[in-house]
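Read the structure below first, then the notes.
FYI, side chains are in, hydrogens and waters are out, and symmetry mates aren't considered; it's all heavy atoms of this structure.
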Amino acid sequence: MSSLGADSETIAQGYLAGKPAITIIQHQGQPTPVASLPPTAEAALQALISSNSGYRQLDRSVHLAIFAAIQATTQAGWLNQGTAQQEDLAVNIGSSRGATGLFEHHYDAYQLGQLSSSSSPTTTLGNLSSWVGHAVNAGGAQISHSITCSTALMAVANGVAWLRAGMANRFLAGGTEAPLTDFTIAQMKAVGIYSRLQDDLFPCQPYGISGQNTFVLGEGAGVFALEKALSTELRTADVIIEAVGFGFEQITSKTGISAEGQNFQRSMRHAISHLGQDDNQIDAIITTPLAPEPEIMLN
């Protein structure tokens with residue numbers, strides 16, 4: 001689920017349309033580009049929230065994660081609600097920002113001396129995977145984490161490690177973000193990276209030549225249903241993860257990226273080292289700006 005839509009077909013059509021799914025809002029009196037859910041996706045999310053009274057107290061980031069996780073488990077044929085917990089199904093959902101919407105809400109209440117008793121359990125990071133596990137009836141490990149812009153990639157890498165170690169047979173891995181709040185947007189503006197191209201058709205230009213920072217915040221969630229499979233069991237639509245690599249570089253820039261990108265180089269070499277001698281052909285390299293920790297190589 002993202003600003004492009006709430007199902008794979010709609011999202012694919014959004015990509016093919018070639019139009020940015022970015023709108024302009026007023027933030028602190030300034031026009032500010034953001035990538036928020038379209039009306040149809042928002043309606044689907046609200047329908048999910050209405051389906052369970054317990055969901056109403058949760059942060060938007062948790063709502064997005066639950067929605068995406070239900071889609072993933074449904075497509076994988078794993079969603080067995082109303083039956084015994086699936087002990088072999090583990091969950092790792094990450095979020096770089098976490099429950100920022102609820103944090104701001106509860107802080108405002110605190111200023112007025114009206115802090116709710118639900119402020120702690122609904123804003124802890126573990127809230128993410130535990131509610132996802134509850135929604136999909138997962139009885140295995142339920143892990144939450146935050147690693148800035150590499151959070152969801154790390155969840156996938158962690159899922160691969162757990163499956164290879166035999167600590168789980170199936171693994172839900174992904175990330176969720178709901179950062180379109182006053183404070184979070186203000187933070188990104190204070191860092192100096194937020195886009196000022198609100199009048200441009202493409203406010204976000206990560207590989208542009210304008211010389212400006214064009215970072216735009218968006219909301220959404222993505223979840224992978226991971227399991228080990230023999231080549232004879234693979235379907236046409238399956239994505240195969242053959243190797244995972246990591247790299248880190250101690251630098252002091254705001255983004256954690258150097259001109260040489262040693263962290264990216266190390267992570268790619270690390271991934272390649274796990275491939276067989278006869279199976280190390282790289283078809284594509286997909287980079288994620290502002291993500292220095294893990295890179296995942298797909299062959």
Side-chain angles (χ1 to χ4, degrees), residues 1-2 6-8 37 41-106 116-147 151-163 165 167-179 219-227:
M1 171 175 275
S2 72
D7 60 84
S8 57
L37 297 187
E42 183 63 40
L45 187 66
Q46 293 304 318
L48 170 71
I49 297 170
S50 299
S51 69
N52 187 321
S53 60
Y55 291 169
R56 297 171 190 169
Q57 64 178 332
L58 304 178
D59 185 72
R60 187 173 177 86
S61 60
V62 185
H63 295 150
L64 292 167
I66 293 173
F67 190 96
I70 290 176
Q71 281 194 324
T73 50
T74 299
Q75 291 173 14
W78 298 354
L79 191 60
N80 299 313
Q81 293 177 327
T83 62
Q85 282 191 325
Q86 304 176 82
E87 302 296 337
D88 68 333
L89 177 57
V91 177
N92 188 176
I93 306 295
S95 180
S96 298
R97 302 308 314 176
T100 185
L102 270 189
F103 266 120
E104 293 178 38
H105 170 75
H106 287 310
S116 168
S117 60
S118 66
S119 61
S120 175
T122 57
T123 57
T124 55
L125 192 58
N127 198 45
L128 284 173
S129 291
S130 60
W131 275 99
V132 166
H134 175 76
V136 301
N137 212 19
Q142 296 176 18
I143 308 163
S144 303
H145 73 280
S146 175
I147 308 180
T151 296
L153 284 174
M154 183 61 78
V156 174
N158 196 32
V160 171
W162 275 65
L163 291 171
M167 296 175 66
N169 293 328
R170 296 175 294 168
F171 204 100
L172 281 181
T176 180
E177 303 295 341
E219 60 180 350
V223 175
F224 285 90
L226 304 177
E227 60 183 330

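Remark: Ser95 engages Glu177 in a side chain to side chain donor-acceptor pair (under 3.5 Å) (not counting sequence neighbours). In this view, Ala161 satisfies the side-chain contact (heavy atoms from CB on, under 4.5 Å) rule with no residue, not counting sequence neighbours. Taking the side-chain contact (heavy atoms from CB on, under 4.5 Å) definition, one finds that His105 meets it with Leu102, sequence neighbours left out. For Arg170, the salt bridge (charged side-chain N to carboxylate O under 4.0 Å, His left out) criterion is met by Asp88, not counting sequence neighbours. For the side chain to side chain donor-acceptor pair (under 3.5 Å) test, residues two or more places apart in sequence or in another chain that qualify with Asp59 are Ser61. Listed by chain and number, the residues in a side chain to side chain donor-acceptor pair (under 3.5 Å) with Ser144 are Ser129 (sequence neighbours excluded). Partners of Gln46 under the side-chain contact (heavy atoms from CB on, under 4.5 Å) rule, at least two apart in sequence or in another chain, are Glu42, Ile49, Arg60. Partners of Thr151 according to the side chain to side chain donor-acceptor pair (under 3.5 Å) rule, which considers only residues two or more places apart in sequence or in another chain, are Ser96. Listed by chain and residue number, His106, Ser118 satisfy the side-chain contact (heavy atoms from CB on, under 4.5 Å) test with Ser116 (two or more places apart in sequence, or in another chain).
Side-chain contact between Glu227 and Phe171: absent, with no pair of heavy atoms (C-beta onward) separated by less than 4.5 Å. Residues Asn127 and Leu58 are in side-chain contact: their nearest non-hydrogen atoms beyond the backbone lie under 4.5 Å apart. Looking at Trp78 and Leu172, their side chains come closer than 4.5 Å, going by heavy atoms from C-beta outward.
Here Leu125 contributes atom CG and Arg97 contributes atom CZ; the two are 12.0 Å apart, rounded to the nearest 0.5 Å. Atom CG in Leu163 sits 9.5 Å away from atom CG in Asn158 (nearest 0.5 Å). Taken to the nearest 0.5 Å, the CG atom of Asn169 stands 12.0 Å off from the CH2 atom of Trp162. We find the CG-CD1 distance between Leu128 and Ile93 to be 7.5 Å, quoted to the nearest 0.5 Å. Atom NE2 of His134 and atom OH of Tyr55 lie 5.5 Å apart (nearest 0.5 Å).
The closest donor-acceptor contact from the side chain of Glu219 to the backbone of Leu37 lies under 3.5 Å. Judged purely by atom type and a 3.5 angstrom limit, Asn92 has no side-chain atom pairing as donor or acceptor with the backbone of Ala173. Panel note: side chain Thr124, backbone Pro121; a donor-acceptor pair is recorded below 3.5 Å. Panel note: side chain Gln57, backbone Ser53; no donor-acceptor pair is recorded below 3.5 Å.
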- Task: Go through the steps to decide whether Thr176 and Val62 satisfy the test side-chain contact (heavy atoms from CB on, under 4.5 Å), and finish with yes or no.
- Result: CA-CA 7 Å; Thr176 180; Val62 185; over 6 Å; no

- Task: Before giving the answer on side-chain contact (heavy atoms from CB on, under 4.5 Å), spell out for Val223 and Val91 the whole-Å C-alpha distance, their side-chain angles and the decisive distance to 0.1 Å.
- Result: CA-CA 10 Å; Val223 175; Val91 177; over 6 Å; no

Could you tabulate the donor-acceptor pairs under 3.5 Å formed by side-chain atoms of residues 65-72, not counting sequence neighbours?
| unit_1 | atom_1 | unit_2 | atom_2 | d |
| --- | --- | --- | --- | --- |
| Gln71 | NE2 | Ala6 | O | 2.6 |

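Residues Leu64 and Ala178 approach most closely at CD1-CB, 4.1 Å, considering heavy atoms. Heavy-atom minimum distance, Gln85 versus Gly139: OE1-CA, 3.9 Å.
Listed by first and then second residue, the salt bridge (charged side-chain N to carboxylate O under 4.0 Å, His left out) pairs involving residues 120-138 amount to none (not counting sequence neighbours).
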